[in-house]
Amino acid sequence: MAHTLNLSSDQSFSLSLTLGCGQAFRWEQDEAGWWEGVVGDEVIRVRQEDRSLTFTGTSEERLIEYFALDMDLAHVLETIDRDPFIHAAIEECAGLRILRQPSWECLLSYLCATNTNIPMVKKRVRLLAESLGERIPGTDQFAFPVPSVFNETCAEPLDHCRLGYRKGYLATTACQLAAEGGWEGRVRAQPFEEARQVLTRLPGIGPKAADCVLLFGFSRYEAFPVDVWIRRIMQQFYPETAAEGSFTPKEYERIRRFAWEYFGEYAGYAQEYLYGARMGAAQIP
DNA sequence: GCCCAGGACGGAA
DNA sequence: TTCCGTCATGGG
C-alpha cells in the first residue's frame, strides 16, 4: 500500500540529494526513480515528484522523522549562509537534509568507512547485514545486525565482510557496547565534547567517525567531520584554517573549531552542503 | 607496479 | 606532546 506525503511550499526537500550525498550507505535508486533502502527493520521504497513523496514500507511519522522533514531547513540554511562560497553550495544542493539515522548502525557503518571509499562502505554494510542480520520478511533485504549478535561467535561471519584491518575494531567495539548497553543514552545525555570523547574512546572510532556519528546518528549539528575532501575544500575557501602537507590531529581540531565559530550551531549542515557541492550535486542521481 | 579512498592506532621521537 | 609507518581492500 503506497502512501503519499505532500510537502508544503516552504518545506524544501530533495530526496536524491539527501540519499545520494553519501551520508547513508543502504540506499539504491532503480531505473524508475524509486529509492529503496533498509532503515532499522523496515524496507522503505520512496520516490519524489516535485512536492509529493510516494512511499511504502513505513509510516508517515517515521518517514518524517528519518528525513527530518519536521525541521525548518530554511532557517538552518539562513544561519550558515555566511559568504559567497557556502551560498553557492546552498544554492546547488537545495533541499539536502541531514538524516536521523539509527545510531547503532550509524556508528558501525562509519567504523567501516575509514581510509576507504563510499562504494566499499556500502558493500561492507550490506555484507554485515547479510552475514549477521535478520532477513526482512517478504523481501530480499536484511536488517542491520542487532547488538546481541555481536558476541564470541561473530568472528567467523565477520571474515566474509571485507572489513580488512577494521574487523578487530568492529568486533571489539560492537561486543563491548552490546554487553554494556545504554551507550546511546549516555551519548545523548552528554554535552557535545563529552559525547565526542565517549565515542572516540571506542576502538576504530577516531575524530572523523565520531563527528559523523554525532551528526548523522545523534542530530548533533555542531559536529563538523573533516575528511580528505572537506580538508581540500577548506584549503581552497578558508585557507586560514587548513594547512598543506600531512593532515595532523591538530589541524583537524583547528578546522572544526573554526567551522563551529564561523557557521554556528548548524556547522554540520555547512559541512554537508560543501561536501555535496564538491561531489557535484548534478552527478547525484 | 603506483596512488588513492568520508582514518585510526601504536610506537618512536 | 607531536610525527610516522602501518594497517586490508578495491578501483583507476
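From a predicted model like this one, the values you see are computed outputs, not experimental measurements. Letters A, B, ... are given to chains in the order of the sequence lines, protein chains preceding strands, and every chain is numbered from 1. Just so it is clear, the values below take in all heavy atoms, side chains as well, and ignore hydrogens, waters and symmetry mates.
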Next item on the list: Not counting sequence neighbours, which residues clear ring pair (Phe, Tyr, Trp, His ring centres under 6.0 Å) with A:W260? List them please.
Entry: none
Checklist line | Residues in side chain to side chain contact (heavy atoms under 4.5 Å, CB included) contact with A:S59, at least two apart in sequence or another chain | finding: A:E61, A:R62
Next item on the list: Could I get the full list of side chain to side chain contact (heavy atoms under 4.5 Å, CB included) partners for A:I118, not counting sequence neighbours?
Entry: A:F25, A:K122, A:Y275
Mind checking [X] for me? I need base, sugar-phosphate or nothing, with any heavy atom below 4.0 Å counting as a touch.
X: A:E251; result: nothing
X: A:R231; result: nothing
X: A:P249; result: nothing
X: A:I233; result: nothing
X: A:V228; result: sugar-phosphate
X: A:Y275; result: base
X: A:P203; result: sugar-phosphate

Let me have the donor-acceptor pairs involving side chains of residues 133-142 of chain A, under 3.5 Å, with sequence neighbours excluded, atom names and distances please.
residue	atom	partner	partner atom	Å
A:R135	NH1	A:T139	O	3.2
A:T139	OG1	A:I136	O	2.7
A:T139	OG1	A:Q141	N	3.1
A:Q141	NE2	A:E36	OE2	3.0

Next item on the list: Would you mind telling me which residue lines up with the more 5' stretch of DNA chain B, A:I118 or A:T200, judged by nearest nucleotide?
Entry: A:I118
Next item on the list: Quickly, which of A:Y269, A:F263, A:F216 forms a ring pair (Phe, Tyr, Trp, His ring centres under 6.0 Å) with A:Y221? Name it, please.
Entry: A:Y269
Notebook entry, point to check: Does anything in residues 161-198 of chain A pair up under ring pair (Phe, Tyr, Trp, His ring centres under 6.0 Å), and if so which pairs, sequence neighbours excluded?
Noted result: A:W183-A:F218
Can you name the residues that form a salt bridge (Lys or Arg N to Asp or Glu O under 4.0 Å) with [X], not counting sequence neighbours?
X: A:R254; result: none
X: A:E184; result: none
X: A:R186; result: A:E180

Notebook entry, point to check: Other than A:M120, which residues form its hydrophobic cluster under the rule that side-chain heavy atoms must be closer than 4.5 Å?
Noted result: none
Note to self: With no hydrogens and no angle check, just 3.5 Å: does a side-chain donor-acceptor pair link A:T153 and A:N151?
What the structure shows: yes
Nearest-angstrom distance, [atom1] atom, [N] to [M]:
N: C:dA8; M: B:dG11; atom1: P; answer: 15 Å
N: B:dC3; M: C:dG5; atom1: P; answer: 14 Å
N: B:dC4; M: C:dT6; atom1: C1'; answer: 16 Å
N: C:dC3; M: B:dG6; atom1: C1'; answer: 23 Å

Note to self: Rounded to the nearest 0.5 Å, what separates atom OG1 in A:T79 from atom CD in A:E265?
What the structure shows: 6.5 Å
Check: Dot-bracket for DNA chain C, 5' to 3', counting Watson-Crick or G-U wobble pairs under 3.5 Å, with [ ] for crossing pairs and | for inter-strand pairs?
Finding: |||||||.||||
Next item on the list: Could you run through nucleotides 6-12 of chain C and give me one letter per nucleotide, 5' to 3': B if any protein heavy atom sits under 4.0 Å from the base, S if only the sugar-phosphate is that close, - if neither?
Entry: -BBSS--
Item checked: Nucleotide interval of DNA chain B bounded by contacts with chain A (heavy-atom cut-off, under 4.0 Å) -> B:dA5 to B:dC9
